[in-house]
Number of protein chains: 2
Amino acid sequence: MKKKAKAEIDLSTEEKIKEAARKVFTRKGYAATRTRDIAEEAGLNLALLNYYFRSKSKLFEMIMAEKMQQFFGFMLPVINNADTSVQEKVELITSKYMELLMENPDLPYFVLSEIRNTPDYFMKITDSGNFLSKSIFIRQIREKAPGRNPFHYLINLLGMCVFPFIMNPVLQKMGALDEKTFAKMMKERKTLIPAWIKSMLEED
Amino acid sequence: MKKKAKAEIDLSTEEKIKEAARKVFTRKGYAATRTRDIAEEAGLNLALLNYYFRSKSKLFEMIMAEKMQQFFGFMLPVINNADTSVQEKVELITSKYMELLMENPDLPYFVLSEIRNTPDYFMKITDSGNFLSKSIFIRQIREKAPGRNPFHYLINLLGMCVFPFIMNPVLQKMGALDEKTFAKMMKERKTLIPAWIKSMLEED
DNA sequence: ATCTGTTTTAATCAAATGATTAAATTATTT
DNA sequence: AAATAATTTAATCATTTGATTAAAACAGAT
């Protein structure tokens, strides 16, 4: 459609738009976001959006793919690493997730509320069919706790990492937690969650 | 504005609208829902919505209040009951929540993604300021695990109940879980979660 | 059956919003 | 500096969408 001329300027403007889109989409969700919001947030005219990206939905898809990658991406290699124990995997996933979420507290809201509307191809991340069930991580859990469906523990692990960030706005509004206390707790959870998972698995 | 004439007919139509609104709002969220969707879902004309409810937002507020009540309502009396132990409270909350969520799997998505946009008055449920911190439940947890912030455990409890329903669509799409297995697991969790919480609290 | 008030509908309005266009501005090349 | 290409803007379009209106259909009372 148009050739890129000055990579720097181009990148700058394009990146400004993407940055603004990230921000607004993540905060308000797809439907509630107006292209004008994004333009304003980026300090640019509306037409730029449609100049750089063909449409609102194209722009969204790009952000969405990026966020999905952030949210699920790093987990896959960890999960299929044959050289680490369950416990090491749990520790890795926990600390990585807690750090990611502390930097992007809106991420869970966004990913989880948009995921349902997202067409099936968002599953591109997961090349094979039910690769998850066959993953080393799940197999390792199955060995540790043979009587139970291993997904119980995967759900618990992810839930204990992610759910606090979902509940946080509620708890803050209710005056139950302040921002500082919350941050402190999230740091604590980096070591607490692996310990909790461990005792769950041993208890059997 | 208008007096009710035939209570039955009135209720029927009004209830039809509310039922449709519940369905569409819960599935798509406020912004993505068009009043026409609701009308169609109810098998009625658009103008009816504005006849019975002044506006989309009024209708939404009604549904929202209802869902908030469902989601948080029953917990309050349990939490402040002086006659039950921590463990009994955990069991009560777990089984109640699991049943509620199995009947309304969309509830978490809806409540949690709309709650942030909702004006502050949604906190009406929580009359006093930080009543939660002063609740008997939190105090009981504090006694059991004096070194830790008690909200860790409350978050874990709610997370282990709610989060599976948030992850379920993802897991199903990935082919990791089928509907039947999921339902079975949710039943299992009614007893598993209290046990897990117990061991967390005892471990300290 | 006629009248009265309620319920429902089709048609329409006005504002919001995604997208386009054509012109103006800026930068780069020759 | 002139020419060319890239970038940005203001103005405008077409569609969607929340809401209203005025009239028709209906039910119950007299």
Side-chain angles (χ1 to χ4, degrees), chain A residues 1-65 110 114 117-119, chain B residues 1-65 110 114 117-119:
Chain A
M1 185 196 293
K2 245 345 169 354
K3 279 175 291 177
K4 311 257 172 121
K6 261 281 136 78
E8 299 158 40
I9 292 171
D10 194 41
L11 256 180
S12 157
T13 299
E14 186 170 330
E15 201 43 54
K16 238 189 282 174
I17 295 176
K18 276 175 70 174
E19 187 56 43
R22 243 188 297 276
K23 208 162 165 181
V24 181
F25 275 137
T26 309
R27 196 171 56 236
K28 317 216 298 180
Y30 179 75
T33 296
R34 296 166 307 148
T35 52
R36 283 162 172 81
D37 295 336
I38 301 174
E40 192 186 355
E41 175 74 38
L44 295 169
N45 187 287
L46 204 173
L48 265 292
L49 301 194
N50 293 302
Y51 176 76
Y52 279 98
F53 306 87
R54 282 173 47 81
S55 67
K56 177 186 177 185
S57 54
K58 291 267 180 208
L59 182 52
F60 178 77
E61 273 169 34
M62 167 168 301
I63 306 298
M64 182 68 182
F110 177 72
E114 298 295 339
N117 311 320
T118 303
Chain B
M1 186 197 287
K2 249 335 170 358
K3 277 175 292 177
K4 313 255 172 122
K6 261 283 137 76
E8 299 158 40
I9 292 171
D10 195 43
L11 256 180
S12 159
T13 299
E14 187 171 330
E15 201 42 55
K16 240 188 282 177
I17 294 176
K18 277 175 69 175
E19 187 57 41
R22 240 188 300 273
K23 209 162 165 181
V24 182
F25 275 136
T26 308
R27 196 171 57 234
K28 317 216 297 180
Y30 180 75
T33 296
R34 295 168 308 150
T35 52
R36 284 163 172 80
D37 294 337
I38 301 174
E40 192 186 354
E41 175 74 39
L44 295 169
N45 188 288
L46 204 174
L48 265 291
L49 302 193
N50 294 301
Y51 176 76
Y52 278 98
F53 307 88
R54 281 173 46 83
S55 66
K56 177 186 177 185
S57 55
K58 290 268 180 207
L59 181 53
F60 179 77
E61 274 169 33
M62 169 168 301
I63 306 298
M64 183 69 181
F110 177 72
E114 298 295 339
N117 312 320
T118 303

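Below, read A as the first sequence line, B as the second, and so on, with proteins coming before strands; counting in each chain starts at 1. Predicted model only: the values in this text are computed from it and were never measured.
With values rounded to the nearest 0.5 angstrom, A/Ile38 atom CD1 is found 10.0 Å from A/Phe60 atom CZ.
Distance CG (A/Leu49) to C1' (D/dT9): 13 Å, rounded to an integer number of Å. Between the P atom of C/dT6 and the CG atom of B/Leu48 lies a distance of 16 Å, rounded to the nearest Å. Atom CD of B/Glu40 and atom P of D/dT17 are 12 Å apart (whole Å). Rounded to whole angstrom, the span from the CG atom of B/Leu44 across to the P atom of C/dA10 amounts to 11 Å. Atom OH of B/Tyr52 is separated from atom P of D/dA19 by 18 Å (rounded to the nearest Å). At whole-Å resolution of the value, CD in B/Glu61 and P in D/dG18 are 16 Å apart.
The salt bridge (Lys or Arg N to Asp or Glu O under 4.0 Å) check on B/Arg27 picks up nothing, with sequence neighbours excluded. With sequence neighbours excluded, no residue satisfies salt bridge (Lys or Arg N to Asp or Glu O under 4.0 Å) with A/Lys56. Every residue two or more places apart in sequence or in another chain was checked for a ring pair (Phe, Tyr, Trp, His ring centres under 6.0 Å) with A/Phe53, and none qualifies. Under the salt bridge (Lys or Arg N to Asp or Glu O under 4.0 Å) criterion, B/Glu114 pairs with no residue at all, not counting sequence neighbours. With sequence neighbours left out, B/Lys18 forms a side chain to side chain donor-acceptor pair (under 3.5 Å) with no residue at all.
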Item to check | Per-nucleotide protein contact string for nucleotides 17-24 of chain C (B base, S sugar-phosphate only, - none; heavy atom under 4.0 Å) | outcome: BBBBB---
